Amino acid sequence: MKITDAKVFVGGPGKNYVTLKIETDQGVYGLGDATLNNRETLPAAYLKDYLIPNLIGMDPRNSEDIWQFFYRGAYFRRGPIAMAAFGAIDMALWDIKGKLARMPVYQLLGGKSREGALTYAHATGADLPDLIESVASYVEQGYKAVRVQCGIPGMPSASYAVPEQPSAGQEYITDFSGIKPKTEIWETERYMRFMPDALAEVRAHFGPELNILHDVHHRLSPREAASFAKAVEPVGLYWLEDPTPAEDQNALKMIRQHSTTPIAIGEVFNSIWDCNKLIENELIDFIRIAVTYAGGITHSKRIVDLAGLHHVRTGFHGAPSHSPISMAAQAHLNVWAPNFGIQEYLVLGTPECAALFPSEHEMRGGMFFVSDAPGLGVDFDEGEAARYSYKPGSHPVVRLQDGTVWNY
Ligand code: KDG
Ligand code: MG
């Protein structure tokens with residue numbers, strides 16, 4: 001069996017999804033997602049210029065060998081661009097493997113450990129009453145877990161993932177449009193003074209059963225993060241996410257020594273070597289990789305298995321930048337993984353997105369149910385894809401009040 005062709009599409013409704021379609025001499029095709037938020041053309045170019053010319057003629061069933069060929073063969077290892085490109089190939093090969101076996105991918109991983117995967121939504125408010133309204137709207141929809149982000153009184157600009165104006169319970173998505181980044185101004189002291197009380201108010205309002213998550217988005221130093229994690233202990237968070245910039249694996253020691261608040265980290269990791277010390281030293285509770293840019297199912301499964309040895313559960317990244325293809329790849333891992341925790345899940349349910357990526361996967365009552373269709377269970381409508389084109393975007397740049405660049 002041979003790969004005969006592979007094509008890359010960039011575009012989508014409100015997002016530049018990077019979709020890879022691998023075709024074979026047996027009429028079976030596979031789909032992968034290489035979307036790297038706000039840098040989408042780069043994995044697309046890597047695929048088109050280097051990987052696809054090598055892929056043609058290979059046997060698609062040898063997904064492990066193909067992964068090793070590209071990873072080791074690149075010489076310059078890791079990095080989000082390369083790992084997103086390898087990841088898309090890997091997902092597409094698992095899709096093909098499942099279609100050939102006439103089985104959903106989760107069966108190839110080891111079958112179901114659970115029927116549905118717990119998900120969490122993003123509640124956000126310009127202020128506390130706005131946030132409470134937003135959380136209430138998700139609770140009404142049946143969500144059992146909600147990430148909460150809140151505007152901070154006196155902060156010179158809206159902070160991470162919160163609207164400038166009250167959103168009245170509507171879903172708010174950060175606007176990344178434009179090649180020139182927007183600027184956010186950040187004051188750590190203001191955040192540290194306000195946010196523990198705000199989280200406590202959300203807990204008091206919704207009672208003990210709601211799973212509450214909060215994302216610090218890499219803004220604190222290890223000492224500040226330790227103090228914050230200690231201050232929010234009475235809230236009983238499901239997790240505190242990205243308290244410090246993720247590249248310093250040692251930083252997490254300080255937090256662990258001072259607090260029992262569960263820590264989730266890893267949405268910017270793209271390799272097992274970015275998180276092996278964190279996992280082996282049991283410094284985190286949830287690993288937040290995305291199958292999209294952690295090298296696909298093959299490499300992500302290695303990270304999940306290592307995590308399972310050390311009581312670390314999964315909490316895969318699921319920001320709207322991931323297409324339904326990689327969300328499906330994650331759904332198959334979620335339903336299998338013995339150490340599954342939770343899945344971040346955002347607005348993939350738009351009619352435009354469903355038309356571009358038809359599937360039978362189902363979101364119900366805050367849980368994600370994977371379909372039994374062979375492979376990943378998501379298709380791609382090339383006619384629909386022709387409606388969309390690439391639009392450049394950027395992550396905001398954060399500065400302190402004196403102008404110093406800080407972490408987004
Ligand atoms: O590309 C950046 C976003 O994916 C990120 O800001 C989202 O932190 C995020 C999250 O937890 O979803
Ligand atoms: Mg995050």
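No experiment lies behind these values; they were computed from the predicted model shown. All ligand and atom numbering here is 1-based and tracks the order in the structure.
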Is the closest side-chain donor-acceptor distance between Asp372 and Tyr106 under 3.5 Å? yes
Looking only at protein heavy atoms, what sits closest to atom 2 (C) of ligand 1 is His395 NE2, 3.1 Å
Parallel, tilted or perpendicular: rings of Tyr71 and Trp67 (30°, 60°)
parallel
- prompt: Side-chain donor-acceptor pair under 3.5 Å between Asp379 and Tyr29, yes or no?
  reply: yes
Check your understanding: When the aromatic ring centroids of Tyr238 and Phe286 are compared, is their separation below 6.0 Å?
Key -> yes
TODO: Examine distances only and state if a side-chain atom of Trp239 and a backbone atom of Ala264 form a donor-acceptor pair shorter than 3.5 Å.
DONE: no
Given a cut-off of 2.8 Å, the protein N, O or S atoms lying below it from the Mg ion (ligand 2) are Asp215 OD2, Glu241 OE2, Glu267 OE1
Review point. Have Lys15 and Thr35 got a donor and an acceptor in their side chains that come within less than 3.5 Å?
Key: no
Among non-hydrogen protein atoms, atom 3 (C) of ligand 1 lies closest to Asn37 ND2, 4.1 Å
Going by the angle between their ring planes, with limits at 30° and 60°, are Tyr293 and His322 parallel, tilted or perpendicular? tilted
Decide, yes or no, whether a salt bridge links Lys97 with Asp90 under the criterion of side-chain N to carboxylate O below 4.0 Å.
no
Discussion item. Any donor-acceptor pair under 3.5 Å linking the side-chain atoms of His122 with those of Glu344?
Written reply: yes
- Any N or O of Tyr120 that comes nearer than 3.5 Å to an N or O of ligand 1? no
Closest to atom 4 (O) of ligand 1 among protein heavy atoms sits His317 CE1, 3.1 Å
For Ala319, the ligand 1 atoms with a heavy-atom partner under 4.0 Å come out as 4 (O), 12 (O)
For atom 12 (O) of ligand 1, the closest protein heavy atom turns out to be Glu344 OE2, 2.4 Å
If we number the atoms of ligand 1 from 1 as shown, the ones under 4.0 Å from a heavy atom of Asp215 are 8 (O), 9 (C), 10 (C), 11 (O)
If you compare Tyr408, Phe176, Tyr160 by their heavy atoms, the one closest to atom 7 (C) of ligand 1 turns out to be Tyr160
So the atoms of ligand 1 within less than 4.0 Å of a heavy atom of His217 turn out to be 5 (C), 6 (O), 8 (O), 9 (C)
Original post:
Can we call the ring centroids of Phe228 and Tyr191 under 6.0 Å apart?
Top reply: yes
The protein heavy atom nearest to atom 5 (C) of ligand 1 is Glu267 OE2, 3.4 Å
#### Entry: Trp406 and Thr404: side chain donor to acceptor below 3.5 Å
no
